[in-house]
There are 6 protein chains.
Amino acid sequence: PLASQKEVHSTSDEVVEIHANVDDQPGEGLGYAMEQLMAAGAYDAYFTPIFMKKNRPAYQVTVITTSGQLTAMVDLLMTHTTTFGVRWVTMKRATLPRTFKTVTTQYGDVTLKIGNRGTQSKVTVEYDSAAALADRHHISLDQVRHAALLAYENELG
Amino acid sequence: PLASQKEVHSTSDEVVEIHANVDDQPGEGLGYAMEQLMAAGAYDAYFTPIFMKKNRPAYQVTVITTSGQLTAMVDLLMTHTTTFGVRWVTMKRATLPRTFKTVTTQYGDVTLKIGNRGTQSKVTVEYDSAAALADRHHISLDQVRHAALLAYENELG
Amino acid sequence: PLASQKEVHSTSDEVVEIHANVDDQPGEGLGYAMEQLMAAGAYDAYFTPIFMKKNRPAYQVTVITTSGQLTAMVDLLMTHTTTFGVRWVTMKRATLPRTFKTVTTQYGDVTLKIGNRGTQSKVTVEYDSAAALADRHHISLDQVRHAALLAYENELG
Amino acid sequence: PLASQKEVHSTSDEVVEIHANVDDQPGEGLGYAMEQLMAAGAYDAYFTPIFMKKNRPAYQVTVITTSGQLTAMVDLLMTHTTTFGVRWVTMKRATLPRTFKTVTTQYGDVTLKIGNRGTQSKVTVEYDSAAALADRHHISLDQVRHAALLAYENELG
Amino acid sequence: PLASQKEVHSTSDEVVEIHANVDDQPGEGLGYAMEQLMAAGAYDAYFTPIFMKKNRPAYQVTVITTSGQLTAMVDLLMTHTTTFGVRWVTMKRATLPRTFKTVTTQYGDVTLKIGNRGTQSKVTVEYDSAAALADRHHISLDQVRHAALLAYENELG
Amino acid sequence: PLASQKEVHSTSDEVVEIHANVDDQPGEGLGYAMEQLMAAGAYDAYFTPIFMKKNRPAYQVTVITTSGQLTAMVDLLMTHTTTFGVRWVTMKRATLPRTFKTVTTQYGDVTLKIGNRGTQSKVTVEYDSAAALADRHHISLDQVRHAALLAYENELG
Ligand code: NI
Ligand code: NI
Ligand code: NI
Ligand code: NI
Ligand code: NI
Ligand code: NI
Ligand code: NI
Ligand code: NI
Ligand code: NI
Ligand code: NI
Ligand code: NI
Ligand code: NI
């Protein structure tokens, strides 16, 4: 509890969540729009299936960004989706302070992201470094991920 | 078990389930396509959200129909969706033998569909008759539905 | 950038997004509720599939409306859905200033909605006018839409 | 309208809606996380399917809670999901004042939840009491639910 | 390729996939139905969100079972869902031959399922044994899972 | 009708639809699996959100392929997903005979796919050629698509 309160308080900041409902654009155009949003620095952009009036299967486009990037992201949504309107809300956010570390596995080097949770830590495997090794060795992503986590455990002793 | 086997055996027939994946058509065009499919006599037409390659949020269009209607339904899919290909499979089907019955409620008459399950029966309220009364009385659909089920129970004694 | 900032600033206003989670009402009752919400003037009402406790497949009902309409919309949700509670948040909104224009195609007249984005414009085809022509000529909605966009391009020269 | 305005005003309070997007954790771990969140007193916890970058099918985890429980819920999300960040927003909420009542059916006693809407009331069947009877009698949940609603109607006269 | 062909051929058998579309039953009744289907021995039962006519957000119920269990499963669907009809198709199936093995971790004993893929093997952690330890130690499911996989790797040397 | 019957009959062939339900693998591993399946020549590979037992939000992985590729695709699913079993069914398929054509727009050359439907034709814009021009000119995919369709109409006269 004490540890976790510190987590929330010390790292909380704000993000903006932008929503647009799209029922008049093909999915491939939305896929293209996501690439533009991510390339422009959105924290995240994703699609949620929704069901709208007149039997229209649609998607809600959500973008997570900063208030400083809001105007640029709204502009990209206006350009790359068919929407005539977007809405947004500011949300509080808590994130774990993180460090990066490289471990060596039988497949090659893999980057880990390590979150600091007071006396505990939280580890995740960076996708790009693991996917590159999976590609090279023709194995599954999970095999590389588990090898990296094993290497990390062994280093910790 | 004996009763239910009879159910399955005595009423089983076949339907065709047609699938088309659509990632290059707006949702409003799909809503329009659904209307055309239903108007042409499809048993059912519905959309399932699916996630396709290149980050494309898409929809699978499914049509349930008879083998006799297959060609007409494929033609409608080719006309009203952007797909260049559809696939289908024949499925066995079991349906309950059914009768219709009208009951009188404080809001007006409602039609019930009654399925025969041997010694048991299964009752459902026909949407259109209930929705008309809900509209007229400015109440919820559920209020009409429960009044109709109550009237049915009371008639049975 | 300059243009888009102006867009956001000059047209931003507020909407309210209302959420209710429904796991104890049939889908046909929700479809009926959507009709009541739209008829009462909601900007939008839509369903999002969600997965709740005790293996319950459910739907989140979302309504987009104004603060002035909030009470009426909450009342409709309480009447037409089974929910005992709803929640809402005010969101900022940016919309493009828009004008309407009619173009003539080989199928008949179609209404376009044109959004003003500074030096650029954004065009979309009004569904009802296009669907009416698709119905009359037994063609797809997309065929009418593209004919309308073509007529618009040709007018612009 | 008068009645419903009172509803909204007299019972409105606040809840916090917390979001986390998860694309690097198996579904079974998320199911386990939901149990921990509900056991710790979340009003609700649910999953929404979303589609994220790099063709990743993912889930948004949403938790509805109070501001007093926020820190504890964020801590549970950090412990039981793989996320490195969560975001939240405070929402207004309106709930119906409610009472509970037991009715006797041919299957046993069932608890009803009754919402007070001024001159109207709204009734729902408590799941656990109905499911227990359905289990004991090997019948469907709906059969018990309708028997309970019928008993309630008959008591009201 | 040789190995995998053997996999498919030596272990292929048949399953039946049953579908029912449900738009007139609350989600909590479907959750109850799933429990009945699983308790009766279905290989799997799950819900897919679908969007049906008249703006109805609905769910497709799917049951995976054997041809020997088909009648019993159809009967359960007729009893515990509101559907008046179900459809099914026989599918070929390939499964990995599997063995079970217990490993010891710092949290207690965990059961692993090991699939034989010729020269390779595939390992997964049995949910119930891992969830019990996560509950006892107040840690995440993933922590137990990774400890178990680590123990397995170390045993293999 | 005559035309469409010919369509179905002259071009019908068979595809295999493979299903695997995955509730114990992260979404990023599934995104990686999709890339492997598409690179190996699957006609299509996609994810459908499903809700499984024990509150598990999951995904059904579907692969569309030929009977000749079945073994290879099953092997890839066994390697790149956590599943211990897959199932498949053979489906009939109808596809439009198609030709490709390049048109010149103000942005550059775009490839069109043209389906032959007897006296009618059906046109779609090839994604990769359009996306390349959208990237180069910093415009939306839809702008390039509509320019290409306009160029096609003008060539037809
Ligand atoms: Ni949100
Ligand atoms: Ni399918
Ligand atoms: Ni929300
Ligand atoms: Ni006609
Ligand atoms: Ni278009
Ligand atoms: Ni029993
Ligand atoms: Ni009911
Ligand atoms: Ni199906
Ligand atoms: Ni404890
Ligand atoms: Ni793992
Ligand atoms: Ni299936
Ligand atoms: Ni540039």
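Naming convention: chains lettered A, B, ... in sequence-line order (proteins, then strands); numbering from 1 in each chain. We use all heavy atoms of the structure for the numbers below, so side chains are in, but hydrogens, waters and symmetry mates are not.
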Give every residue pair that meets the ring pair (Phe, Tyr, Trp, His ring centres under 6.0 Å) criterion with at least one member in residues 111-134 of chain A, sequence neighbours excluded.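 Counting only pairs at least two positions apart or across chains, no ring pair (Phe, Tyr, Trp, His ring centres under 6.0 Å) contact touches residues 111-134 of chain A.
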Which bit of A:Leu77 is near chain C, if near means a heavy-atom gap under 4.5 Å: side chain, backbone, both or neither?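 Contact with chain C involves the backbone of A:Leu77 alone.
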A:Thr79, part contacting chain C, at a heavy-atom distance under 4.5 Å: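 For A:Thr79, backbone and side chain are both near chain C.
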Donor on one side chain, acceptor on other, A:His137 and A:Gln143, under 3.5 Å: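 No, because no side-chain N or O of A:His137 sits under 3.5 Å from a partner of the opposite role on A:Gln143.
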Decide, yes or no, whether a salt bridge links A:Arg87 with C:Asp13 under the criterion of side-chain N to carboxylate O below 4.0 Å.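 Salt bridge absent between A:Arg87 and C:Asp13.
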Residues A:Arg93 and A:Glu14 bridged, charged N to O under 4.0 Å: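 A salt bridge is absent here (no side-chain N lies under 4.0 Å from a carboxylate O).
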Any chance you could measure C:Thr48, atom OG1, to C:Tyr59, atom OH, to the nearest 0.5 Å?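 Nearest 0.5 Å value for the OG1-OH distance: 9.5 Å.
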Sort out for me which of C:Leu37, C:Val89, C:Thr124, C:Val125 touches chain A most, counting heavy-atom pairs under 4.5 Å.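 That would be C:Thr124.
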Check each atom of [X] against the heavy atoms of chain A and say whether the ones under 4.5 Å are side chain, backbone, both or neither.
| X | value |
| --- | --- |
| C:Ile64 | side chain |
| C:Ile114 | backbone |
| C:Thr90 | backbone |

